[in-house]
2 protein chains.
Amino acid sequence: MSEKISTPKDMKKEILRGIRATLLSCGSATKVELSEKLGISFPTITKFIHQMEEAGELLTLGLDESSGGRRAQRYAYNPDYQLSVALFLERTETQYTIYNSMGEVKEKGISPGFLLDGIETLAEQIESLIKRFPRIGSLAFGVPGSVNGGRIIYIPGYEKYHDFDLKDHFETRFKLPVVVENDMNAAVLGYYDKMDVQDNPSLVYLYFGQNGPGAGILVNGNVVRGSTSFSGEVSFVPLYDRRNFQQAITYVEGTNAAINEADRIDAVSRLIASLTAILNPNAVIFNRDEVNDRLLTAISARSASYISKEHLPKLTASDWQEDYLNGLKRLGLNLLISADH
Amino acid sequence: MSEKISTPKDMKKEILRGIRATLLSCGSATKVELSEKLGISFPTITKFIHQMEEAGELLTLGLDESSGGRRAQRYAYNPDYQLSVALFLERTETQYTIYNSMGEVKEKGISPGFLLDGIETLAEQIESLIKRFPRIGSLAFGVPGSVNGGRIIYIPGYEKYHDFDLKDHFETRFKLPVVVENDMNAAVLGYYDKMDVQDNPSLVYLYFGQNGPGAGILVNGNVVRGSTSFSGEVSFVPLYDRRNFQQAITYVEGTNAAINEADRIDAVSRLIASLTAILNPNAVIFNRDEVNDRLLTAISARSASYISKEHLPKLTASDWQEDYLNGLKRLGLNLLISADH
DNA sequence: CATACTTATTAAAGTAGTTTAATAAGTATT
DNA sequence: AATACTTATTAAACTACTTTAATAAGTATG
């Protein structure tokens, strides 16, 4: 209730963002197309396009074919006008990827990890990146732990960083917009971004991994964090009389492999059923390295024994690493296109 | 991506809405207070307040005590300026409640139910209500079935109304804004509205009932509907080797009552654990008629055997009928305060 | 009780968008 | 080739908010 209302002075930012987003998602557009898509008057679009062209933010692609009248000038976004960096914080190292507004990778590399070596080492590394690529306009960090509003809530094994505001720290240091996100949430965002844009779907990204399973959850297009940043900890779902999800998918030494697989298929199917009965998501995404088509078909069939097929989510496999990177890219780009200059 | 942007012509509506919402939630305010809370300039607030006062939409409460300078005029919203009707569609009858902008009930009554008697009978009844209360400015329908965007997707037992656009039907007929919501979703919204405003919490309203249990789910303050409007159908969550939630809470004839209750407590606790591992909601609300403090304490204790206490939701009991009505009231009022006149 | 100081209100100028009309540049038709 | 017709662009008038300055109405103090 009673929040601030968007005032005329916020309009410049909104219009810039709209033009950038439209040009990037459509590839190119004419002024009329922009005006219609954004619901902004033609003269205003003209003014902004002119400014952006002078700044070098736009490319002119020449004239359209005539549709019966004067030919229109076609514009595209200059993808190298601004760059962003995705940084994957891990135990011993920090992988970074520099990319442009089209998502094209400019450089990949490895920095010392801040979790072990401390934050200053990492900061210096970032500083040198910014020196070499002065067009870098935002930073996107991926973290294997809980994050809320740029603050690290919890990373298993690195208690000294609990409640550390990574976003604030780097924003004050580099005067650049920063976003911080959990790895699973970034992955589900990345997958969301990649797929054909359904309007605000619900998605669950299921990851097994060595440290126990976890899930990144999107509801109506928004990341779910939960009241204590515990959402997605599906290990704990009690699916059997005396086993939860984690226990049910753990390989039992010295048992029949075929039976064991069937048991694990049933466990995943029950989890899918739980997710469906609670959230009814559009899709559940698995890590391509952890499943195959045969397994997915089996899980799908088994799930139908718990809940009518029509309500079950689509089950798909995807490249986790790629989706994770893609999610951070998207978060970083969102910061770039929201810049108010 | 690339949606319409709020243009200056939308501002009037936004400002009106802001002033109304602030006055109703704060009780009263001065022009300066409104200006600061809404981030709108003082002259603009003055203009709008003047218009609203002339229309009779505002009450002047006299002058404030001086805080060292000229005393400020204090304004309040005239709660009877606009009315709204909440209509509970049920099998054999339709209960209606007419209330004002403060939520004060003006009249309660019963109409023929449209599910059995057809829509025209109900429409005529509403027409006569509007004739008697010409200040009615919106209609809010509660439906015991799935709803999406004002369209009834599914009501068990009334197949002829599947895919019927109730909102569109009554909006064209009465030229009034209409909102339609499922009963569980309305209840969870109503509870959300009642409690001290945490910022966008996640809540689950758990209802047992005769036709099997169901849940209304709010994530980040938004209603969860799911891809096929199946979300909240928690009956189907598989919690035991051979029983899902519905089966586990069904009373088994001829068994020991105490054991039976313990079993049901365990079933609910497991559901809470599942909800926590997936959504990690702030609270789970039960119908006051279906639980008591002793049960809640038992469920709470039992849940802690599945998931660490710190992550578990707060368990509370509330009046379902009241929350349901309150939710519809809120939805109807939201339409009133968004009116652009 | 006059003066200084606060705070509310009113008035005027400024800003940034929209709408509407005029102009420019092209295509199709006779 | 002249005319009618489209469509893109430019220019001028308009709208609605904000900012800034001026005024009004009150309180506290020497």
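All values below were derived from every heavy atom in this structure, side-chain atoms included, with hydrogens, water molecules and symmetry-related copies excluded. All values derive from a computational prediction rather than experimental measurement. Chain naming here is simple, since letters A, B, ... match the order of the sequence lines and numbering starts at 1 in each.
If you measure from atom CZ of B/R74 to atom P of C/dA8, you get 11 Å, rounded to the nearest angstrom. Going from atom CG of A/D64 over to atom C1' of D/dT9 covers 15 Å, rounded to whole Å. Atom CG of A/D10 is separated from atom P of C/dT15 by 18 Å (rounded to the nearest Å). Here the P atom of nucleotide C/dA8 and the OH atom of B/Y75 are 12 Å apart, to the nearest Å. In this entry the distance linking CD of B/E14 with C1' of D/dA16 reads 14 Å, nearest Å. Spacing between atom CG of A/L16 and atom C1' of C/dG17 amounts to 14 Å, rounded to whole angstrom units. For B/Q73 and D/dA25, the CD to P distance is 14 Å, given to the nearest whole Å. When the P atom of C/dT7 is taken as reference, atom CD of B/E36 falls 11 Å away, rounded to whole Å.
Scored by the salt bridge (Lys or Arg N to Asp or Glu O under 4.0 Å) test, B/D168 finds no partners at all (sequence neighbours excluded).
Side-chain contact of B/D80 with B/N100: a donor-acceptor pair under 3.5 Å is present, judged by distance alone.
For B/R74 and B/E65, the salt-bridge test fails: no basic side-chain N is under 4.0 Å from an acidic carboxylate O. Of the charged side-chain nitrogens involved, none lies within less than 4.0 Å of a carboxylate oxygen, so that A/D64 and A/R71 do not count as a salt-bridged pair.
Annotation: of the two residues near DNA chain C, B/R71 and A/L63, the 5′-most nearest-nucleotide partner is B/R71.
Note that the CZ atom of B/R20 and the OG atom of B/S25 stand 14.5 Å from one another [nearest 0.5 Å].
Closest to the side chain of B/R70, from the set D/dA8, C/dT7, C/dT10, is C/dT7.
Proximity of a side-chain donor or acceptor of A/T30 to a complementary backbone N or O of A/A72 within less than 3.5 Å is not detected.
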Which protein N or O atoms sit under 3.5 Å from an N or O of nucleotides 17-22 of chain D?
{"from": "D/dC17", "atom 1": "OP2", "to": "B/K47", "atom 2": "NZ", "distance (Å)": "2.4"}
{"from": "D/dT18", "atom 1": "OP1", "to": "B/S41", "atom 2": "N", "distance (Å)": "3.3"}
{"from": "D/dT18", "atom 1": "OP2", "to": "B/S41", "atom 2": "N", "distance (Å)": "3.1"}
{"from": "D/dT18", "atom 1": "OP2", "to": "B/S41", "atom 2": "OG", "distance (Å)": "2.3"}
{"from": "D/dT18", "atom 1": "OP2", "to": "B/T44", "atom 2": "OG1", "distance (Å)": "2.4"}

